[in-house]
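All values below come from the heavy atoms of this structure, side chains included, with hydrogens, waters and symmetry mates left out. Starting from 1, each residue takes its place in the sequence as its number.
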Amino acid sequence: MASCVARRALAVGSRWWSLSLTAARGLRPLCAAGGAGAFPLVATTTSRRHLSSRNRPEGKVLETVGVFEVPKQNGKYETGQLFLHSVFGYRGVVLFPWQARLYDRDVASATPEKAENPAGHGSKEVKGKTHTYYQVLIDARDCPHISQRSQTEAVTFLANHDDSRALYAIPGLDYVSHEDILPYTSTDQVPIQHELFERFLLYDQTKAPPFVARETLRAWQEKNHPWLELSDVHRETTENIRVTVIPFYMGMREAQNSHVYWWRYCIRLENLDSDVVQLRERHWRIFSLSGTLETVRGRGVVGREPVLSKEQPAFQYSSHVSLQASSGHMWGTFRFERPDGSHFDVRIPPFSLESNKDEKTPPSGLHW
């Protein structure tokens with residue numbers, strides 16, 4: 001049967017790719033333009049047709065990397081699955097999945113209001129549902145292209161130092177939601193450039209995907225499980241700006257004869273509309289089980305005031321909070337500015353800060 005091939009432009013992560021639709025095989029190969037400001041991604045290995053001049057960025061070179069697969073609507077991706085991030089446009093590989101509880105306040109908004117949240121602010125009761133996330137490695141070649149929209153050293157840990165505030169990061173480690181995965185295959189035995197790729201994964205052409213976990217990866221996951229684990233995800237949308245928060249417990253340290261508990265939280269801001277907006281201020285309320293309530297106000301986030309547009313609709317960052325109690329709550333608002341100078345506040349969904357009660361030893365660098 002003859003295959004029917006059509007081409008159109010596809011925007012992924014604010015970059016444009018030429019997309020071939022091959023009807024006979026049900027595959028959707030991607031052809032990417034490489035060079036400054038873009039990176040090679042996926043190109044068809046069954047068709048060598050050139051991009052038309054109106055689709056090919058001037059001066060860019062096309063490079064074959066692999067074949068785009070149909071995303072999974074059900075089930076989960078396995079260790080070794082190569083993918084393109086649908087929002088930030090980087091190449092990556094799945095290490096292992098996490099089963100998280102997603103608390104989506106947009107879904108809960110249709111239900112009657114319940115009693116106030118224990119943290120003391122009005123809130124609807126939200127029931128969590130199971131949602132799959134993945135621990136992934138980011139291709140180092142793509143980090144420079146996404147650094148303005150997503151931190152590539154956002155997964156941090158407490159260092160095993162006398163300094164209770166010392167942190168370290170594993171570059172190119174990320175957490176990705178199932179719906180953000182655009183899977184592809186490659187014939188390259190080392191398709192992702194990351195210092196941990198060959199340490200964690202072994203090429204095996206008899207498997208699908210052809211990259212299997214080494215014992216090193218299994219041991220690393222088991223030993224660092226308490227500090228890597230993703231358990232709760234919180235989401236809420238205000239005026240077409242969706243805020244997603246994922247908190248992580250990092251451990252406890254002793255400082256000045258008291259216990260200090262640390263958490264990392266990852267926040268993703270997404271503009272679901274076509275109007276351009278800019279984040280200007282943050283306003284946090286932090287409640288500790290010890291009975292204290294702290295207010296934090298400031299310009300932007302992590303030293304930036306990101307613009308969310310149709311071309312670049314998302315921004316993701318991580319930050320940290322410490323309490324002198326084993327649990328607490330956080331909530332607040334982000335203030336955005338429209339092009340006409342008007343402002344509006346976007347709610348940050350309330351989330352709990354919980355410690356691991358069975359904690360035996362704090363993390364102390366990379367365990368192998």
Side-chain angles (χ1 to χ4, degrees), residues 9-17 30 32 37-39 41 71 83-92 94 100 102-106 131-139 142-155 172-183 230 233-248 264-282 299-319 332-339 344-349 351:
L10 171 70
V12 177
S14 80
R15 296 177 191 150
W16 286 92
W17 317 106
L30 290 171
F39 56 84
L41 183 61
F83 70 92
L84 166 69
H85 196 295
S86 67
V87 176
F88 297 113
Y90 66 72
R91 288 163 292 183
V94 170
L102 172 62
Y103 297 89
D104 193 336
R105 306 185 77 79
D106 299 334
H131 193 77
T132 303
Y133 275 73
Y134 300 93
Q135 195 87 66
V136 308
L137 296 180
I138 303 173
D139 194 307
D142 301 335
C143 289
H145 304 295
I146 65 173
S147 61
Q148 294 302 308
R149 294 181 295 125
S150 180
Q151 295 170 318
T152 57
E153 296 187 0
V155 181
L173 193 64
D174 199 5
Y175 294 84
V176 178
S177 178
H178 182 87
E179 64 268 21
D180 289 337
I181 298 283
L182 295 177
L230 183 159
V233 180
H234 304 265
R235 181 185 295 167
E236 184 168 6
T237 303
T238 308
E239 296 200 36
N240 289 314
I241 304 298
R242 183 164 64 192
V243 180
T244 304
V245 184
I246 308 177
F248 299 86
R264 177 180 76 253
Y265 55 92
C266 178
I267 292 186
R268 185 158 112 182
L269 305 169
E270 294 177 87
N271 185 357
L272 306 180
D273 201 356
S274 58
D275 296 336
V276 177
V277 296
Q278 185 170 12
L279 190 155
R280 290 301 192 185
E281 299 176 12
R282 68 188 187 277
R299 296 287 297 181
V301 292
V302 293
R304 302 181 188 179
E305 296 180 21
V307 174
L308 304 183
S309 62
K310 185 176 180 180
E311 293 72 28
Q312 295 190 348
F315 180 80
Q316 182 171 291
Y317 76 97
S318 287
S319 191
T333 56
F334 291 121
R335 175 154 292 185
F336 281 83
E337 182 179 356
R338 300 184 181 93
F344 64 100
D345 289 336
V346 171
R347 291 184 297 274
I348 304 171
F351 58 96

Residue list, ring-ring contact (aromatic ring centres under 6.0 Å, His included) with Tyr265, at least two apart or on another chain: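 Trp284.
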Applying ring-ring contact (aromatic ring centres under 6.0 Å, His included), name anything that partners Phe315, two or more places apart in sequence or on another chain.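 Scan of Phe315 (ring-ring contact (aromatic ring centres under 6.0 Å, His included), adjacent residues dropped) gives none.
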Nearest 0.5 Å please: distance from the [atom1] atom of [X] over to the [atom2] atom of [Y].
X	Y	atom1	atom2	answer
Leu272	Glu239	CG	CD	12.0 Å
Arg335	Phe344	CZ	CZ	10.5 Å
Asp180	Tyr133	CG	OH	7.5 Å
Thr152	Asp174	OG1	CG	9.5 Å
Thr244	Glu270	OG1	CD	5.5 Å
Tyr175	Ile246	OH	CD1	9.0 Å

What is the minimum heavy-atom distance between [X] and [Y], and which atoms define it?
X	Y	result
Pro71	Leu182	CG-CD2, 4.1 Å
Ile348	Thr333	CD1-N, 3.6 Å
Arg149	Ala314	CB-O, 3.9 Å
Val302	Ser318	CG1-O, 3.8 Å
Leu308	Pro313	CD2-O, 3.8 Å

What residues, two or more places apart in sequence or in another chain, satisfy side chain to side chain contact (heavy atoms under 4.5 Å, CB included) together with Gln148?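 Per chain and number, Gln148 pairs via side chain to side chain contact (heavy atoms under 4.5 Å, CB included) with Arg304.
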Side chain to side chain contact (heavy atoms under 4.5 Å, CB included) against Arg347, all qualifying residues, sequence neighbours excluded: Glu236, Thr238
Contacts of type side chain to side chain donor-acceptor pair (under 3.5 Å), residue Asn271, not counting sequence neighbours: none
Can you list everything that forms a side chain to side chain donor-acceptor pair (under 3.5 Å) with Glu179? Sequence neighbours excluded, please.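 Glu179: side chain to side chain donor-acceptor pair (under 3.5 Å) contacts with His131, Ser177.
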[Y] side chain reached by [X] side chain, heavy atoms, under 4.5 Å:
X	Y	result
Val307	Gln312	no
Arg282	Ile267	no
Ile138	Cys143	yes
Arg91	Phe83	no
Val155	Arg264	yes
Phe336	Leu279	yes
Val136	Tyr90	yes
Cys266	Gln316	yes

For Gln278, is there any backbone N or O sitting under 3.5 Å from a side-chain donor or acceptor partner on Glu305?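 Flag not set: sc Glu305 to bb Gln278 has no pair under 3.5 Å.
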Is the backbone of Gly300 close enough, under 3.5 Å, to the side chain of Arg280 for a donor and an acceptor to pair up by distance?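 No, Arg280 side chain to Gly300 backbone: no donor-acceptor pair under 3.5 Å.
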Kindly assign one of parallel, tilted or perpendicular to the pair His234 and Tyr103, based on the angle between their ring planes and the thresholds 30° and 60°. parallel
Tell me whether the rings of Phe88 and His85 are parallel (<30°), tilted (30 to 60°) or perpendicular (>60°).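 Because their plane-to-plane angle lies in the 30° to 60° range, the rings of Phe88 and His85 count as tilted.
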Trace of the side-chain contact (heavy atoms from CB on, under 4.5 Å) decision for Val243 with Thr237: CA-CA 6 Å; Val243 180; Thr237 303; over 6 Å; no
Test side-chain contact (heavy atoms from CB on, under 4.5 Å) on Glu281 and Phe334 and set out the steps. CA-CA 6 Å; Glu281 299 176 12; Phe334 291 121; over 6 Å; no
